[in-house]
Every structure is written in structure tokens, then in C-alpha cells.
Participant: 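Okay, here's the structure, questions in a sec.
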Amino acid sequence: MTKSNSAVMGWRGRVFAAGGLFFVAVFVTFIVSLIAADIFYIDKEAVTEVLTSPFIRHALWMSLWTSVLTTLLSLLFAIPMGYALSRYDFPGKVLVDAIVDLPIVFPPLVAGLTLLVFFSQTSPGRWIEDSLGWEFVFQPKGIVLCQFLVSASFAIRSARTAFDEVDRRYENVAMTLGCSHWGSFRRVSLPLAKNGIIAGGILTWARALGLFGPLLIFVGSFRGRTEVLSTTIFLETSVGNLEVALAVALLLVFVAIIALIMIRVIGHGRGVKL
Amino acid sequence: MIRAKKLSYGVGDFRLRQLDLEVAAGQYFVLLGPPGSGKTIFLECLCGLKRASSGQVFIDDRDITTLEPRLRGIGYVPQDYALFGHLSVRENIAFGLRTRSIGQKEVARKVTETADMLGIRHLLKRGIAGLSGGEKQRTALARALTLEPKVLLLDEPVCALDECTRQEVCALLCRVHEQLGLTTIHVSHNLQEAFSVADRAAILDGGTLQQVGALGELLRRPGNEFVARFMRCENIFFGEIARKDADGMPEAVVDGISLCLPDSSGDLGDKVEFMIRPEDVLVVPLDRPNGDQRNHFSSRVEHWRDCGDYIRVELNGQFKLVAHMTHAAFTELKADNSSELGVILRPEKVHVLGA
């Protein structure tokens with residue numbers, strides 16, 4: 001119950017620890033029960049149908065690559081943004097902070113609507129689609145853009161917090177040891193902040209993988225084209241095909257569990273604590 | 001040589017005020033001051049981690065004020081060492097070398113050489129977590145020394161260590177200094193530490209240099225009351241030169257008592273502030289004859305305390321005094337609280353502040 005390096009524990013300490021572990025147990029049991037209920041509910045045909053359907057396989061592939069690309073794109077923004085917001089002060093920083101966090105509190109449907117309005121009703125949006133030829137509306141590219149809008153803030157927020165926790169004196173010492181600002185960032189701040197950044201990446205990926213509301217509005221759910229697993233679940237449920245929807249949901253849960261365990265196992269070997 | 005010329009810096013309400021300080025090449029210099037006096041900020045201005053609002057910094061007559069920290073040739077060991085927790089001891093020590101175009105073999109040779117000098121070769125494969133305070137200190141020092149800096153800045157390098165390790169590390173710092181001949185500035189608030197490593201020091205308070213000089217000079221000839229009190233002198237008096245004796249020595253009146261001062265303490269009517277160090281207060285049996293009757297008073301032991309190295313005796317007679325006595329001298333006196341004793345303040349041991 002206790003780690004070998006923890007303090008000697010009296011009965012009050014044991015009650016306190018048991019209290020914390022009780023809530024862990026309740027929560028885990030709740031989640032596992034839900035998944036177990038789904039497993040017992042679905043029948044073999046639904047599972048076979050899901051596993052053999054080329055459209056579902058395509059949706060799974062779309063879900064994976066778009067969510068991974070969204071995560072990488074988010075981290076590409078999150079790392080420099082998190083560092084800049086952590087280290088530099090500038091006029092209007094409070095407002096910028098609030099805007100960065102805004103997508104977290106955005107109702108997801110609003111994000112889809114906003115994107116649709118921007119690209120179909122405004123001249124900058126039409127210019128991007130028509131002149132630059134970057135089409136997003138009802139296109140696979142739009143899935144990434146939509147996921148990025150809704151989930152990148154998690155990565156940015158986590159990166160900022162991670163850099164906040166890296167004492168600036170480490171960078172200072174690195175600079176007296178011959179590093180430029182970039183060198184001290186790359187060799188000191190980034191490795192020290194990596195746990196927080198990776199945790200933000202996982203949150204971003206999870207959010208992107210499960211997103212469906214704004215996707216339905218912005219890119220639709222065209223079989224074999226813009227369909228992802230989360231939209232499949234919604235569409236199958238809406239036509240009353242509950243067993244197939246549940247089988248797809250379990251596939252999504254299975255993929256997520258495998259990915260989360262893999263990240264932890266690989267990360268643990270490289271000193272990442274999540 | 002490193003020199004600060006009219007160096008100023010401000011943060012919030014705090015100001016470093018036009019500091020002028022020169023540390024000669026190869027000198028081990030201690031910067032003393034109470035917490036919050038600006039010692040760390042001053043060091044950070046010297047190594048370029050803080051941009052001075054005005055003034056200049058020179059190393060060997062080269063103006064480095066606008067140079068980036070990495071180009072200054074200054075080794076810096078911060079207060080809590082700031083060792084990189086994601087790297088091993090070896091990688092920490094090699095950190096600076098890897099910013100240069102130095103081959104792997106040369107890096108390994110330099111790391112081993114520095115680790116040998118500081119006695120931490122056996123730690124090279126270890127991580128930072130789990131190192132003792134002394135081991136961390138040596139690793140941080142090794143990391144700063146591998147780049148062969150011209151100047152070494154040590155910010156309270158031993159303040160977090162236990163007494164035994166502190167003495168050990170101070171001895172190591174002296175040895176490294178002798179071996180490498182580095183110009184070193186060592187920040188501290190501890191007098192014992194300062195005496196164990198350096199012979200020249202400055203005292204900083206409120207962002208202003210109070211006095212610069214040999215440690216003995218700061219101890220026995222402080223320039224003002226702050227320096228005297230910082231150097232742990234408690235016997236500070238205010239008086240007025242009322243007359244001169246037959247030999248022309250000035251006499252100051254303090255609380256109605258006449259005290260003979262050294263020559264050139266001032267002219268008649270001058271207000272003077274003077275001090276005598278506790279270890280210079282001679283405490284003698286009351287009936288001991290004294291050839292020289294100047295500054296010989298009777299007093300009573302109000303309280304005494306064994307401080308380990310010495311006995312601290314608080315005396316209250318015609319005025320309050322604190323004396324530091326050896327155990328042998330105190331035992332010989334057979335004194336206790338309320339004992340009546342004689343006190344002699346040799347005029348040559350009395351120092352007029354600011355004189």
C-alpha cells in the first residue's frame with residue numbers, strides 16, 4: 001500500500017491513504033464496468049462486421065493518421081508558444097493567454113460552425129481555398145484543421161506549465177557554459193520540460209481521436225473519404241445500429257488503451273514520467 | 001583581473017548603486033553581505049545574466065559589458081548549483097565542452113582530468129539525484145572549470161553544506177585556486193568561511209559597497225558602523241572628544257566616562273563613533289595592578305556563555321561591553337555571573353569609525 005521510501009504511517013495516515021485509493025477504485029471500477037457492459041452487449045456478428053468492413057478500416061486509418069498529425073502539428077505550435085508565453089512578458093499577454101485557452105472552453109460544435117463560416121463566408125477563407133488551393137471544407141485536410149483548432153490548446157497549456165516549472169537559472173548556467181539562447185533551450189529547458197509536453201501531447205491526441213461534433217459540420221462524414229471512427233459511432237447510433245456503433249466504440253477504446261500503454265512503456269525507458 | 005566600473009542595476013525597489021570593484025588577476029576575493037544586499041545580482045551582472053542599467057565590466061582591460069554570457073569567459077557556480085537533472089555527472093561536467101568544437105576524446109580527457117582534480121571520478125556515471133551536497137558542489141565546480149574560465153564566480157558555494165563538508169570544500173576551493181591561479185569572486189555571508197578562503201573582501205549592503213580591503217582591515221578597522229557590526233563587533237560607542245591628555249592623546253566622553261582614544265582620532269569637540277573588538281577587551285582580576293592607568297575600569301559579569309571556540313562575556317560596569325575570552329583565560333579568572341572584574345581597553349586597540 002505504501003512505497004518503501006515513504007514515511008512511517010500511523011492509523012490516521014492509513015485511513016487517509018485508503019480514502020485516496022477508495023476514489024481511485026471507484027473511478028476505475030466505473031470505467032471498467034462500462035466497457036465490460038459494452039463487451040457483453042455486443043454480439044459476434046457486429047464485431048465481425050466491423051473488423052471486416054473496408055469502410056471501418058478506412059475510418060480507423062483516418063482516425064489514427066489525422067489524430068497523430070494533429071498532435072504533431074499541435075506540439076509544433078505548443079513548444080515555441082509555451083516557451084514564449086512562459087519566458088517573455090509583452091503588452092496584452094493576459095489577453096493572449098485567454099485567447100490561447102479559448103478553444104478549451106469552446107463548445108466543440110461552435111468550432112465546426114466557425115470554421116465552416118470562415119472558409120465559406122469570408123474573403124480570407126475563400127482566398128485560402130480558391131487562390132491557394134488549400135481546400136478544407138468536406139476534405140480530409142479539414143479533419144486535421146478541425147481537430148487542431150479544438151485540441152491544440154491542451155498542448156500549448158501543458159507546454160507553458162512545463163516550461164514555467166523549469167527554473168530559468170538552469171538556462172542561465174547553460175549560457176555561462178557556452179550555450180546561446182537556442183542552445184540552452186534545446187539542451188536544458190526542452191529536456192527538463194519534456195514530461196509536461198508529452199502529457200499535453202497525449203491529451204491533444206485523445207481529444208483529437210474522440211472528436212466528432214465539429215467534424216460532422218465542417219467535413220461531414222463521407223464513407224471512405226472523411227469518415228473517422230468517432231463520426232461512424234455517431235452515424236451508426238443515429239440510424240439505430242447500436243451494436244455496430246458499440247463495436248466501433250470498443251475498437252476505438254482498444255486503440256486508445258494500446259496507444260496509452262505504449263507511450264508509457266516507451267516513455268518509461270527514456271526517463272519520461274507520465 | 002575583473003573590474004566593475006560604476007555598475008548599476010535596478011529591480012523593483014532594489015538598486016545596485018554605481019559599484020566600483022576590482023579583483024586582481026589570480027586573487028581570491030570574497031564578497032560579503034547580509035541576505036538581500038545584492039550580492040547575487042552583482043555576480044549576475046558580472047557574468048551577463050542581468051543587463052546592467054549603467055556602468056561597465058572589464059576582464060583584463062577588455063570591455064565585456066555588451067557581450068553575451070557565453071562569450072565572457074566566466075565560470076559561474078550558482079547558489080544551489082543548478083545541476084542539470086536530466087544528465088549524469090559526466091554529462092554535466094562535459095556540458096560546456098560540448099558547446100565547442102572539441103573531439104570526443106578530448107572531452108573525455110578533460111572531464112576525467114577535472115573530476116580527478118576534484119576527487120569525483122568515481123561519481124562520473126551517477127545521476128544527479130542522490131548526490132550529497134558536497135558531491136553536487138564539486139560537480140558544479142567541475143562543470144564550471146572544464147572550460148578553463150578566466151574568472152570564477154561562486155555564489156554562496158558552501159552555504160547549504162554541513163560544517164564538516166563546508167571546511168572540506170573551502171580547503172578544496174583554496175587548493176583549486178592555488179593550482180589554477182584563477183581570479184575568483186566568492187559570495188558569502190559567513191565570516192568564518194571568508195577567513196578560510198580569502199584575504200581580501202568587500203562588504204555590500206543595500207546595493208552599496210560599504211568597504212573593500214584586506215579581511216583583517218575590515219575586521220579591525222571598519223569604515224562604518226554597519227561594517228563593524230557585520231564583522232561581529234558589538235562594542236560600538238558614540239562620544240565627543242572633550243580633552244587631550246598630557247601625551248596629546250584625545251579623550252572622548254561616553255556616558256560621563258572618559259575614554260582615551262588613539263592618536264589622530266579627531267579634534268576637540270568632534271563627535272566620534274568608535275569601537276573595540278570583543279577579543280581586544282582585556283578582562284583582568286579587579287585587584288590586578290596596571291602600570292598604564294588609561295581606560296582601566298571596574299565591571300561586573302552580567303552573563304557568560306561558552307561558544308565553543310571562546311567564552312562570550314557580557315560586562316556591565318560604567319558602560320556595557322562584550323568580551324571574547326579563551327577558555328584558559330576565563331578559567332584562570334574563576335569568574336561567574338555577578339563577579340566583579342577589571343576591564344582594560346588599550347587605546348591602540350580602539351578604532352574610530354571612518355577615521
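Letters A, B, ... are given to chains in the order of the sequence lines, protein chains preceding strands, and every chain is numbered from 1.
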Participant: Take atom CZ in A/F30; do more than 12 heavy atoms of anything else shown fall under 6.0 Å from it?
Facilitator: no
Participant: Which distance, rounded to the nearest 0.5 Å, do you find between the CE of A/M175 and the OH of B/Y76?
Facilitator: 11.0 Å
Participant: Which region of A/S184, side chain (C-beta onward) or backbone (N, CA, C, O), has a non-hydrogen atom less than 4.5 Å from a non-hydrogen atom of chain B, or is it both or neither?
Facilitator: neither
Participant: Counting only heavy atoms not in A/W61, do more than 12 fall under 6.0 Å of its CH2?
Facilitator: no
Participant: Are there over 12 heavy-atom neighbours, none belonging to A/F106, within less than 6.0 Å of that residue's CZ?
Facilitator: yes
Participant: Under 4.5 Å heavy-atom distance to chain A, tell me which part of B/L83 shows up: side chain, backbone, both or neither.
Facilitator: backbone
Participant: Would you name the heavy atoms of B/F95 and A/C179 that are closest together and state the gap between them?
Facilitator: CE2-SG, 3.5 Å
Participant: Give me the atom names and distance for the closest heavy-atom approach of A/L177 to B/L147.
Facilitator: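 Heavy atoms of A/L177 and B/L147 come nearest at O-CD1, 3.5 Å.
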Participant: Got a sec: does the CZ of A/F254 have more than 12 other heavy atoms crowding it under 6.0 Å?
Facilitator: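 Open: at most 12 neighbouring heavy atoms sit under 6.0 Å from CZ of A/F254.
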Participant: Please report the shortest heavy-atom distance between A/Y170 and B/F84, naming the atom on each side.
Facilitator: O-CE2, 3.5 Å
Participant: Quick one: what part of B/A140 sits under 4.5 Å from any heavy atom of chain A, side chain, backbone, both or neither?
Facilitator: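 The answer is neither part of B/A140.
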Participant: I need the minimum non-hydrogen distance between A/T176 and B/C47, along with the two atoms involved.
Facilitator: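 Minimum heavy-atom separation between A/T176 and B/C47: CG2-SG, 4.3 Å.
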Participant: Should the heavy atoms of other residues, nucleotides or ligands under 6.0 Å from NZ of A/K93 be counted, would the total exceed 12?
Facilitator: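 Atom NZ in A/K93 is packed in, count exceeds 12.
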Participant: Please check if the side chain of B/H86 supplies one atom and the backbone of A/R187 the other of a donor-acceptor pair under 3.5 Å.
Facilitator: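 Looks like yes, one N/O pair under 3.5 Å.
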Participant: Give a yes or no on this: more than 12 heavy atoms of other residues, nucleotides or ligands lie within 6.0 Å of atom CZ of B/R62.
Facilitator: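 No - once you tally the heavy atoms of other residues, nucleotides and ligands closer than 6.0 Å, there are 12 at most.
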Participant: Could you look at B/I74 and say if it's the side chain, the backbone, both or neither that has a heavy atom under 4.5 Å from chain A?
Facilitator: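 Just the backbone, heavy atoms under 4.5 Å.
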Participant: Work out which heavy atom in A/R169 is nearest to a heavy atom in B/P78; give both atom names and the distance.
Facilitator: NH1-CB, 4.1 Å
